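Following: one structure in structure tokens, then a few remarks.
What you are looking at is a predicted structure, and each value in this text was computed from that prediction instead of being measured. We count ligands from 1, going down the list as the structure has it; atoms in each ligand are counted the same way.
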Amino acid sequence: MIDLDFLRDRPVAVMGLGTSGLATARALARSGVAVRVWDDDAAKRAAAAAEGLPVAELGHGDLKDLALMVWSPGIAHTHPRPHPVAVQTRAAGIDLVCDIELLARAERAARFVGITGTNGKSTTTSLIGHVLAAANRPIAVGGNLGIPVLSFPMLGAGGLYVLEMSSYQLELTHSLVFDVSVLLNITADHLTRHGGMDGYIAAKKRIFRGQTAPRVAIVGVDDAPCRAIRDELAAEGGPVVWPVSAEGPVAGGVYAADGALWDDTGFLSGTSPVRVAGLAALPALPGRHNHQNAAAAFAACKALGMDAADIVTAMASFPGLAHRQQQVRDLAGVRFVNDSKATNADAAEKALVCYDTIYWILGGRPKEGGLDGLDPHMSRIRHAFLIGESSDRFARWLDERRVPYSRCGTLDVAVRRSSAMAFAEARAGACVLLSPACASWDQFANFEERGQAFVDAVEQIAPAEAAP
Ligand code: ADP
């Protein structure tokens with residue numbers, strides 16, 4: 001657990017008692033800091049009180065003595081409407097910070113890698129962590145995923161924290177300067193919380209705050225907002241800038257082209273681009289979007305001083321993340337893929353483009369755009385298997401495009417029918433793909449539970465069912 005005893009002088013408040021808020025409160029209490037905690041949800045307050053944390057309503061003029069307000073990134077503090085406690089805290093001249101700011105203040109001698117972007121953060125963060133762990137570096141990996149940062153071990157000088165950073169966390173982290181930072185991509189998301197696209201871009205740009213050479217800024221240049229940021233960083237003469245792309249050569253960067261990953265970071269010293277790996281050697285990272293993640297992770301590990309060959313060897317053994325095109329099983333020539341994290345059409349498209357003969361399990365609670373934008377990929381669908389609330393709406397959509405489908409109701413029925421059809425047809429390259437393009441909440445607690453249900457059902461298929 002991170003030692004926060006440098007905060008002992010004055011009380012610290014914690015607003016929001018989710019996983020990271022609770023971990024923060026525990027770390028503060030264990031470090032001997034006078035902590036006060038609050039959550040607007042009575043059940044969360046009760047859970048905190050049950051473990052002995054001092055619950056006290058925040059506000060009403062009792063904020064002045066605080067050293068800091070540790071704010072849960074999920075609670076609005078600016079847009080669309082600031083929480084009243086945020087307004088009162090700022091009026092009292094007290095900083096709002098998140099747990100990552102406390103980690104940065106506690107670990108002044110350690111090094112930090114930060115990863116942000118609209119999509120691909122978890123994959124890239126885990127991939128960087130996997131490569132560094134293979135090199136036996138002293139690391140801790142977390143932030144917006146996995147372990148809350150204040151539950152990390154203290155790593156001290158020589159230690160390296162690899163942090164997935166959401167835009168919300170970036171807004172609440174003020175003094176951390178990353179040694180290596182990665183911005184993968186920016187597309188419209190979370191705009192209400194940031195007061196529009198400009199606010200969202202400004203939050204993402206904070207990943208590069210305070211960086212100067214030889215610190216390295218790695219920027220995906222496959223979208224316009226990120227290209228503008230790359231240009232700004234280069235013009236400011238701040239950090240070393242390495243562009244990354246999944247769409248072809250970029251001078252001085254790392255990119256995917258001609259089925260391979262290329263390293264041109266030696267550009268300024270006059271070296272030619274080096275082909276570092278065939279993309280087929282990275283089986284857990286299929287699709288163009290993952291090539292962007294792979295290029296960024298390669299660049300980050302290179303910036304940390306690793307050897308190209310070691311990076312590539314470690315990347316090849318990356319198992320991938322659960323629920324994101326997770327390769328579950330290969331049975332009688334049929335591949336089963338769990339892409340439960342694809343909760344909208346955009347995300348499902350990333351998986352559809354990776355396979356040619358798809359038995360597609362989809363549906364759930366539909367998003368506003370439904371299946372819009374997926375028309376170009378319907379020729380890849382052998383058959384669609386509909387589950388959940390969206391069945392009528394998606395059936396109409398598929399009818400209009402003459403895609404054959406079955407209404408299955410539930411996921412277990414869909415797995416049974418899709419696998420039976422795939423085995424019977426025995427087509428080359430067959431893939432049973434759960435990529436629902438919908439939220440899971442009509443039938444599951446979350447996308448993880450839905451993905452696990454798929455994995456369980458697939459693992460129960462007896463080899464005899466696959467026999468011709
Ligand atoms: P995040 O942590 O940013 O939500 P993940 O790594 O969990 O991202 O990936 C979530 C989904 O986003 C994946 O299943 C895939 O559909 C899509 N995705 C992953 N990487 C990228 C990328 N670089 N560009 C666009 N989409 C991506």
>> Geometry only, no angles: is H323 polar-contacting ligand 1 at N/O separations under 3.5 Å?
In response: no
> If you draw the axis of the six-membered ring of W397, does the NZ or CZ of R393 fall within 45° of it and under 6.0 Å from the ring centre?
Replying inline: no
> Between D412 and T410, does any side-chain donor sit less than 3.5 Å from a side-chain acceptor?
Replying inline: yes
>> For D198, I'd like to know if atom CG has over 12 heavy atoms of other residues, nucleotides or ligands within 6.0 Å.
In response: no
>> Check this for me - ligand 1, G120, N or O atoms closer than 3.5 angstrom, yes or no?
In response: yes
> Nearest protein heavy atom to atom 19 (C) of ligand 1, by residue and atom, and its distance?
Replying inline: H289 CD2, 3.4 Å
> Does L321 approach ligand 1 within less than 4.0 angstrom via side chain, backbone, both or neither, non-hydrogen atoms only?
Replying inline: neither
> Relative to atom 26 (N) of ligand 1, which among N185, T125, N119 owns the nearest non-hydrogen atom?
Replying inline: N119
> How close does the nearest protein non-hydrogen atom get to atom 25 (C) of ligand 1, and which residue and atom is it?
Replying inline: K350 CE, 3.4 Å
> Among D339, V415, V337, which residue meets the side-chain contact (heavy atoms from CB on, under 4.5 Å) test with F454?
Replying inline: V415
> What do you reckon, is CG of L145 surrounded by more than 12 foreign heavy atoms closer than 6.0 Å?
Replying inline: yes
>> Any nitrogen or oxygen of N293, side chain or backbone, less than 3.5 Å from one on ligand 1?
In response: yes
>> Closer than 4.0 Å to some heavy atom of D339 - which atoms of ligand 1 meet that?
In response: 14 (O)
>> Need the ligand 1 atom indices (1-based, order shown) with element for anything under 4.0 Å from a heavy-atom of R324.
In response: 5 (P), 7 (O), 9 (O), 14 (O)
> Taking only heavy atoms of E164, which atoms of ligand 1 are found under 4.0 Å from at least one of them?
Replying inline: 2 (O)
> Which is closest to atom 16 (O) of ligand 1 in terms of heavy atoms, A347, S122, A348?
Replying inline: A347
> Considering only heavy atoms of K121, which atoms of ligand 1 have at least one such atom less than 4.0 Å away?
Replying inline: 1 (P), 2 (O), 3 (O), 6 (O), 8 (O)
>> Between D456 and Q452, is there a side-chain donor-acceptor contact under 3.5 Å, judged purely by atom types and distance?
In response: yes
> Among all protein non-hydrogen atoms, which one is nearest to atom 4 (O) of ligand 1, and what is the separation to 0.1 Å?
Replying inline: K341 NZ, 2.9 Å
> Among T123, T118, N290, whose heavy atom sits nearest atom 6 (O) of ligand 1?
Replying inline: T123
>> Under 3.5 Å, is there a donor on one side chain and an acceptor on the other for Q327 and R335?
In response: yes
>> What verdict does the side chain to side chain donor-acceptor pair (under 3.5 Å) test give for R407 and S391, after you've listed the backbone C-alpha separation in whole Å, the side-chain angles of each residue and the deciding distance to 0.1 Å?
In response: CA-CA 7 Å; R407 290 167 184 270; S391 294; 5.1 Å; no
> Does any non-hydrogen side-chain atom of L150 lie less than 4.5 Å from one of L103?
Replying inline: yes
